[in-house]
Every structure is written in structure tokens, then in C-alpha cells.
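Heavy-atom basis, side chains included; hydrogens, waters and symmetry copies ignored. The structure displayed is predicted, hence computed values, not measured ones.
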Amino acid sequence: MKKRKTVILVDSGCDIPQAFIKKHNIKVLRLRVSYEHEHHIDSVALAYEVYKRFPKEIPRTSTPTMQDYYDMIDEIKSEGYENVLGIFISSQLSSTCQTAQMVLKEYPELHSFVFDSKNISIGAGLLAMWAAKELENKIPFEEVCARLPEKAKDSKVFFYMDTLEYLRKGGRIGGVAAVAGSLLKIKPIISCNEEGSYYTVEKIRGAKAGKEKIIQYVQKMCNDQPAWLALMNGDALDTAAEVKPILKKTIKKGLLVVEDQITATLAIHTGPGLLGIGVLVNP
């Protein structure tokens with residue numbers, strides 16, 4: 001039987017490092033960032049500009065245009081791909097997954113599988129990276145697709161933030177919770193639940209406790225099993241550098257595969273001072 005050529009398709013919210021994207025020719029649908037008189041496509045480089053303009057200017061985020069989807073499919077077809085494996089951030093947080101499903105139905109000549117990771121940032125990205133490695137190891141497209149739903153249970157990302165203000169302004173958290181957190185100096189560790197929505201894992205008082213707790217949650221999830229780790233930051237490089245040796249020492253069977261700044265669209269909703277740790281158990 002002729003082996004069909006497979007491509008992985010993601011959105012930029014998956015926060016996959018550019019070097020990995022280039023090496024595996026992963027196709028990325030870029031989310032959009034809009035100021036009053038400016039429009040940009042999502043990137044890590046843009047995140048640094050976004051932080052510079054905080055808090056005076058907070059841009060809006062939006063999904064790729066329909067033309068972006070059609071142009072991407074044309075590119076995929078022109079490069080000779082016959083299988084498309086789409087892995088996207090949670091459908092509760094973005095419509096990229098649903099739109100990709102709708103558009104790919106218009107191309108029956110492509111064998112496609114679109115997966116809602118029910119996760120955000122590198123929590124979704126690690127799944128796409130796992131799929132890329134499986135395909136590189138000659139695992140058939142159909143088998144990778146079949147294993148993805150179960151593998152998704154092994155992937156999670158935990159975020160600790162300096163402020164709830166940007167989540168509140170983006171409609172991601174209730175105003176009362178944001179005000180209470182500000183007054184009491186209580187900060188949450190946030191993740192995505194089984195439905196793919198944000199939830200508060202634990203409320204922490206103080207940055208030191210937040211860093212300690214986030215590592216404890218990662219350790220509990222790994223449970224002394226092999227794991228890929230991702231150390232993400234949002235305008236908090238010093239904090240990430242401080243946590244890195246502790247993370248490596250604590251998660252003894254962990255392999256740090258990603259160290260990066262989050263992309264602009266996530267930065268807009270979380271503000272500066274974010275620390276995130278992603279984990280994929282038994283990669």
C-alpha cells in the first residue's frame with residue numbers, strides 16, 4: 001500500500017518553538033492581534049512589543065481569517081501532502097479547531113483528522129510535537145490519530161500570573177475574583193479542565209509560594225514517570241531562569257524540550273509576569 005505524505009497543522013496558540021516548526025515543516029495558522037489602527041499576525045516577537053505598550057494599550061485578539069485557512073490548504077496541497085493532522089488549542093478558548101474542521105470537509109481529496117486538544121499554549125503544543133515525533137518514527141498516520149485522544153490526558157500546562165487584570169479585561173475571569181485577588185494579593189495557578197476551559201488549580205499568596213506550588217503540581221502529574229517539560233514565561237525571563245534548575249532537579253525523569261516566551265495572543269490575556277510549565281508524561 002502506498003504511504004501517504006502527512007503534515008501537521010496547528011494554530012499559533014500552541015506555542016511550538018520556531019526551530020521545531022521548521023525542522024518538522026509544521027504548518028501554523030496565525031491568530032491575529034489588532035490595535036486601533038494596526039493589525040498584526042501572532043508571534044513571539046510581537047509579544048515583546050505588546051508588553052512594551054501595556055498597560056496603556058491592550059490590543060484585541062482574533063482568529064485567522066477564512067482566507068488564511070484556504071491559503072494554508074492550498075499550500076499543503078501544493079507541497080504534495082495527502083494527510084492532514086490538525087491539533088488546536090481548546091475549542092472553549094478559540095474557534096480555530098471548529099473552523100479547520102469545517103474548511104477541511106471541503107477538501108475530500110485530503111485525509112484529515114482535526115483534534116481539539118482541550119488545552120492551551122504548550123499544553124496543546126507538546127501534543128503536536130509528540131505527533132511529529134511519532135510520524136518521524138514511521139508510526140502510521142491512522143495510528144497516531146487513534147492514539148491522540150488518550151495521549152491528550154498526559155498533557156497539561158500550569159500557569160502562575162502576577163496579575164489577574166488582563167484575564168479580567170479579556171473576559172476570561174470574573175471581575176469580582178480579579179478585584180478580590182488584587183486586594184488580598186492572592187494569585188492563582190491556572191490550567192485547563194477536561195472540558196478545555198480555564199480553572200483555578202489553587203490560589204496562592206505570594207510569588208515564592210506560587211513557584212514552589214507549580215513545581216509540586218508538575219511533580220505530582222509526572223509521578224516519577226518519564227516526561228517532556230516546557231518552561232514558558234510571559235515577560236518573566238528571570239523567573240524562568242530561577243525556576244529552571246529547581247525543575248530539572250525535582251523532575252528527575254523530565255527532559256526539558258522547550259524554553260520560550262509565550263506568543264503575543266496569550267500574552268495579551270495574561271499580562272506580564274507569567275510563569276508556565278507544560279508537561280507531557282510518557283512521551
Q. Going by heavy atoms in the side chains, are Val10 and Ile16 under 4.5 Å from each other?
A. yes
Q. For Ser62, which residues count as a side chain to side chain contact (heavy atoms under 4.5 Å, CB included) partner, sequence neighbours excluded?
A. Arg32
Q: Using the test salt bridge (Lys or Arg N to Asp or Glu O under 4.0 Å), find all partners of Asp154 that sit at least two apart in sequence or belong to another chain.
A: Lys151
Q: Not counting sequence neighbours, list each pair that qualifies as a side chain to side chain donor-acceptor pair (under 3.5 Å) and has a residue in residues 122-135.
A: Glu134-Arg147
Q. Considering residues at least two apart in sequence or located in another chain, which fulfil the ring pair (Phe, Tyr, Trp, His ring centres under 6.0 Å) criterion with Tyr199?
A. none
Q: Provide the full list of salt bridge (charged side-chain N to carboxylate O under 4.0 Å, His left out) pairs with a residue in residues 10-27, sequence neighbours left out, each pair given once.
A: Lys27-Glu75, Lys27-Glu79
Q) Can you tell if the side chain of Ile215 reaches within under 4.5 Å of the side chain of Ile246, non-hydrogen atoms only? A) yes
Q. Going by the salt bridge (charged side-chain N to carboxylate O under 4.0 Å, His left out) test, which pairs reach into residues 93-106, not counting sequence neighbours?
A. none
Q) Roughly how far apart are Ile120 CD1 and Ile262 CD1, rounded to 0.5 Å? A) 9.5 Å
Q) Among all residues two or more places apart in sequence or in another chain, which pass the salt bridge (Lys or Arg N to Asp or Glu O under 4.0 Å) test with Arg53? A) Glu38, Glu49, Glu57
Q. With sequence neighbours left out, what residues match Asp260 under salt bridge (Lys or Arg N to Asp or Glu O under 4.0 Å)?
A. none
Q: Classify the ring geometry between Phe113 and Phe115 as parallel (under 30°), tilted (30 to 60°) or perpendicular (over 60°).
A: parallel
**Q.** Beyond-backbone contact of Thr270 with Phe159, side-chain heavy atoms, under 4.5 angstrom
**A.** no
Q. Side chains of Pro272 and Asp162: does their closest heavy-atom pair fall under 4.5 Å?
A. no
With a 3.5 Å cut-off and sequence neighbours excluded, list the donor-acceptor pairs that the side chains of residues 216-232 form with protein atoms.
from, atom 1, to, atom 2, distance (Å)
Tyr217, OH, Glu202, OE1, 2.5
Gln225, OE1, Asn282, ND2, 2.8
Gln225, NE2, Cys222, O, 3.1

Q | Residue pair Glu109 / Lys77, side-chain heavy-atom distance below 4.5 Å | A | yes
Q. Quick one: side chain to side chain donor-acceptor pair (under 3.5 Å) partners of Lys208, sequence neighbours excluded?
A. Glu212
Q: Say whether Thr61 and His269, considering side chains only, have a donor N or O and an acceptor N or O under 3.5 Å apart.
A: yes
Q. What pairs meet the salt bridge (charged side-chain N to carboxylate O under 4.0 Å, His left out) rule with one or both residues in residues 88-97, with sequence neighbours excluded?
A. none
Q.
So, using salt bridge (Lys or Arg N to Asp or Glu O under 4.0 Å) as the criterion, who are the partners of Glu36 when residues are at least two apart?
A. none
